[in-house]
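Structure, as structure tokens:
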Amino acid sequence: MEILFWKAIVEIIQIPNDLNEIYTNGTSWLANPFGDQRVYGTKFSIGTDGFSWKFYMNSKTEAGARRAGYGLLSYLKELYSGLDGKVKVKPIGSIHLKKEISYLSELILPSPPYINNQIPLIQKIMNLAEYNNSHDIKVHIFWQFKDYEVNSVIRDDTKSTLRYDFYYNLRIFIEASPIFRQGIDRDVQLAELLGYLDYLTTDIKNRNRHCAVLKEADISAKNLLTMVDLFSKPMSIDTSIYDNDTKSFSKKMKAIDFSIPPNMHLDKAYKVHNENLGIPIKEPKILLGNAYRQGVLTKTKKYLHLHDLVHHVFISGLSGVGKSRFIAFLANQIKNQGDHVGILVINLVKQGEEGLYNPDIILRKRDLEFRVPYFISDKDIEVICKQVAAYLVSSLGLKNVVLSITKNVLYDDCIKIGFPKQHPEDVFMDVLEWLKTNPYHPKFNTNITRAIENRVISLLSSPFIKNILKLGPVPNWFIEWTKGKNVYVDLSNFTEDGKRVITHAIFQMVRTLLPELRSNELKYVIILDEAHEISEKPKYQSIDDDETVTRHYLEIVFEKVLRAFRSRGVCLVLADHLPNNLFEGVYKLPSIKVIFRSDKDFLQYISNYPEEQDDLANQKNRRALILDGVNARRFAIHTIDYSYQKQINEFGSSIKINCPNCKELLEMNAKFCHKCGTII
């Protein structure tokens, strides 16, 4: 195809969020930013495919078209803080000039001055976009800077001022294509379309009572495309209007209002209050994504310093906003920048998430290698007994009165035989014996006894829990994690109590075995998505309610863990979709917060500005506010696209499972035997 010329296309994809002030000031995109005699064009498309707004310029070369497109877009960005767009170039050949338009009319405006001083033309187009969803309507506006005239205007008897009259040649065309719907008379639908077009002429009169009219266009589709021979009979408008109040001429005031209406059907720019992108981060650093500046997505990459992560990270986001993939990308970046850093992912809810992390070791419910000794001795045995008793009692939903009993039971065994019972189930059997020999009030004693017998013993006697929590040497997976391996622990198939007790057993093992450091150097990472599974506040607050009391002490244990981890070089990455239901320490103690689209109640804690709360509650997927308390930064990012890994190495899950009935070898995670039908 022979290329006749190139067309620069600037599609506006985002406009400022708060347009009221701009709209009131009459800031206009009708201008001549390049200061020459070129023809500019814009097109508003309204129809079944939605709404779009594009600017056009023609050039003899591809490079010239691209240059003009980026130049115009940059000018518009300067004019409207928060506006953004895309630049494309299109080669135009003879085949494109053969296009025909079934219905093309021209909007003829009367000569100014107008009765209402300004014609709200663009506002009318936006209103039409709300009314019409049945037909394809395109409004083309072409303009060319004509020249300006300088006149002397007498302000009073002694002073005069120069008036600069800025003239533009202007033509407005309307292209319409009726979309006929079945079951409705075609004449009715055509009348509907023509009525929409007539609306654009309503209430447009000059002071001589001349009205705007629609007439059949005297140009072809070829003229629209080439933008030549448009101004043989142009309407010229003076864009400098004399203001009787200020006794001056204002370039901002137009005979036709070409500002952006607040109800334009495009995405709005969300600006961050007190935005601070900070200074560049030094190596080693991990990538977060591309930064937004004043609501516009840029190509600037934003990073966190690797070792700042020891101050912990909290991530909030409703389902589907890109939270889980961002966490996986974060883990991948940590591994790239610190291959010595071990990453432990504790999966509490979602199945099949291991593909996001490409772990070296995967541990599941049935794996014999999955062990987390509930008790690990240390120098101060009394402190360890108290810590273990605290996490067991709180995570198992027992009242605080059982804490001292459990601690004493553990301590007595350690003093007498050097170590506690092999299984935590046996520990609570001893607690029951203690309650029998040292009873409380009968009703109180009965309630505690029933809770331990019916719930705690039942949970801890499970063969899976017994295998996981039994005493023994430090698990091999833990040793590999401290050497820098990625470990994935899948707790999705456990009960809520089981998830809590295993997770806190892991926390206790970390707190006991990892030495305290004097530096803020990141050595380990623990990732905990869907944190509500182990840190959700009770729904009802009552001092007489068992759940309220136990969750209160569980929160105390959890906050102590958070504080202890930092001194050991451990970063805890916590994430959830409804943070307002969590222990406050989960989202208040971490210094780094990543806020995707979140629940409005929680956002009141993040921001004091109602507008920003609304913006955060409605922001796009993969856009997140970063609150970096370590470096006093506050900005927004768009996360990097991150996909599942294709291959997973399952070192820890290498054990084979056979059907208990027919001994058939089963696939991993099989729920029933395909040979005999036995449910697993």
Side-chain angles (χ1 to χ4, degrees), residues 1 7 9-15 41-56 85-86 88 90-110 119-142 170-205 211-227 229-230 235 256-258 260-267:
M1 179 185 71
K7 184 171 287 290
I9 305 170
V10 179
E11 181 179 2
I12 306 303
I13 60 175
Q14 177 179 282
I15 59 176
T42 191
K43 180 174 70 175
F44 297 95
S45 298
I46 305 164
T48 54
D49 293 333
F51 173 84
S52 69
W53 181 22
K54 298 177 182 177
F55 287 88
Y56 301 94
K86 297 186 295 186
K88 296 182 288 186
K90 180 180 179 180
I92 303 299
S94 57
I95 189 173
H96 297 100
L97 303 183
K98 297 178 181 178
K99 177 186 175 183
E100 294 184 0
I101 300 176
S102 57
Y103 185 90
L104 182 64
S105 60
E106 183 173 4
L107 178 62
I108 306 298
L109 300 175
I119 297 175
L121 178 63
I122 310 304
Q123 180 65 68
K124 282 179 170 290
I125 295 173
M126 292 307 102
N127 294 342
L128 186 58
E130 296 178 356
Y131 307 151
N132 168 64
N133 59 3
S134 305
H135 309 284
D136 287 334
I137 301 173
K138 297 180 175 63
V139 180
H140 303 262
I141 301 175
F142 298 97
L170 183 75
R171 294 193 79 176
I172 303 168
F173 300 96
I174 301 173
E175 176 186 349
S177 299
I179 307 296
F180 294 111
R181 306 181 297 281
Q182 292 183 352
I184 304 177
D185 186 88
R186 291 171 68 92
D187 291 337
V188 171
Q189 295 180 71
L190 185 59
E192 176 187 48
L193 171 61
L194 296 176
Y196 287 147
L197 301 185
D198 289 339
Y199 161 73
L200 295 176
T201 69
T202 58
D203 201 28
I204 299 178
K205 299 177 182 179
C211 301
V213 296
L214 278 174
K215 74 170 188 176
E216 185 177 350
D218 59 0
I219 65 169
S220 64
K222 176 181 176 180
N223 295 115
L224 294 184
L225 192 61
T226 60
M227 297 197 293
D229 299 329
L230 290 175
M235 181 190 81
I256 303 175
D257 189 350
F258 288 107
I260 302 176
N263 69 329
M264 183 170 278
H265 295 196
L266 290 173
D267 286 339

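If you're wondering where the values come from, they're calculated on a predicted model, not measured in any experiment.
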**OP:** Determine, for Arg171 against Asp218, whether the closest basic-nitrogen to carboxylate-oxygen distance falls under 4.0 angstrom.
**Re:** yes

Original post:
Is there a donor-acceptor contact under 3.5 Å linking the side chains of Ser45 and Lys54?
Top reply: no

**OP:** Side-chain contact test, heavy atoms from C-beta onward, threshold under 4.5 Å: evaluate it for Phe44 versus Met264 and give yes or no.
**Re:** yes

**OP:** Answer whether the closest heavy-atom distance between the side chains of Ile260 and Leu266 falls below 4.5 Å.
**Re:** no

**OP:** Please report the shortest heavy-atom distance between Ile122 and Pro261, naming the atom on each side.
**Re:** CG2-CD, 3.7 Å

**OP:** Only counting residues at least two apart or in another chain, list the ones meeting side chain to side chain contact (heavy atoms under 4.5 Å, CB included) with Ser134.
**Re:** Asn132, Arg181, Glu192

**OP:** Decide side chain to side chain contact (heavy atoms under 4.5 Å, CB included) for Leu121 and Ile172; before the verdict, give the C-alpha distance in whole Å, the side-chain angles of both, and the deciding distance to 0.1 Å.
**Re:** CA-CA 10 Å; Leu121 178 63; Ile172 303 168; 3.5 Å; yes

Original post:
How many angstroms lie between atom CD of Gln189 and atom CZ of Phe180, to the nearest 0.5 angstrom?
Top reply: 6.5 Å

**OP:** Quick one: pull up CD1 in Ile174 and NZ in Lys138 and give me the separation to the nearest 0.5 Å.
**Re:** 13.0 Å

Original post:
Are the side chains of Ile219 and Leu224 in touch, meaning some heavy atoms are under 4.5 Å apart?
Top reply: yes

Original post:
Is a side-chain donor or acceptor of His135 paired with a backbone partner of Ile179 at a separation under 3.5 angstrom?
Top reply: yes

Original post:
Considering only heavy atoms from C-beta outward, does the side chain of Thr201 approach that of Val213 to under 4.5 Å?
Top reply: no

Original post:
Ala212 and Leu109: which non-hydrogen atoms are nearest, and at how many Å?
Top reply: CB-CD2, 4.1 Å

**OP:** Measure up the His140 and Phe142 rings against each other and bin them: parallel (under 30°), tilted (30 to 60°), perpendicular (over 60°).
**Re:** parallel

Original post:
With no hydrogens and no angle check, is any side-chain donor or acceptor of Lys124 less than 3.5 Å from a backbone partner on Ile119?
Top reply: no

Atom pairs and distances, donor-acceptor, side-chain atoms in residues 98-105, under 3.5 Å, two or more places apart:
none

Original post:
What distance do Lys90 atom NZ and His96 atom NE2 have between them, rounded to the nearest 0.5 Å?
Top reply: 4.5 Å

Original post:
Distance from Leu193 atom CG to Ile137 atom CD1, nearest 0.5 Å?
Top reply: 5.5 Å

Original post:
Checking side chain to side chain contact (heavy atoms under 4.5 Å, CB included) for the pair Val139/Leu107: CA distance, chi angles, key distance, verdict?
Top reply: CA-CA 9 Å; Val139 180; Leu107 178 62; over 6 Å; no

Original post:
Quick one: are Asp198 and Leu214 in side-chain contact, heavy atoms under 4.5 Å?
Top reply: yes

Original post:
Rounded to the nearest 0.5 Å, how far apart are OH of Tyr56 and CD1 of Ile141?
Top reply: 12.5 Å

Original post:
Within the distance-only criterion (no hydrogens, no angle test), does the side chain of Lys7 pair as donor or acceptor with the backbone N or O of Leu225 below 3.5 angstrom?
Top reply: yes

Original post:
Shortest non-hydrogen contact from Pro110 to Ile204?
Top reply: CD-CG2, 4.1 Å

Original post:
Quick one: CE on Met126 to CD on Gln123, what's the gap to the nearest 0.5 Å?
Top reply: 8.0 Å

Original post:
Is the closest side-chain heavy-atom distance between Phe173 and Leu230 below 4.5 Å?
Top reply: yes

**OP:** For the pair Tyr199 and Tyr131, name the ring-plane relationship: parallel under 30°, tilted 30 to 60°, perpendicular over 60°.
**Re:** perpendicular

Subject >> Check: Asn263 and Asn127 side chains under 4.5 Å, non-hydrogen atoms >> reply: yes

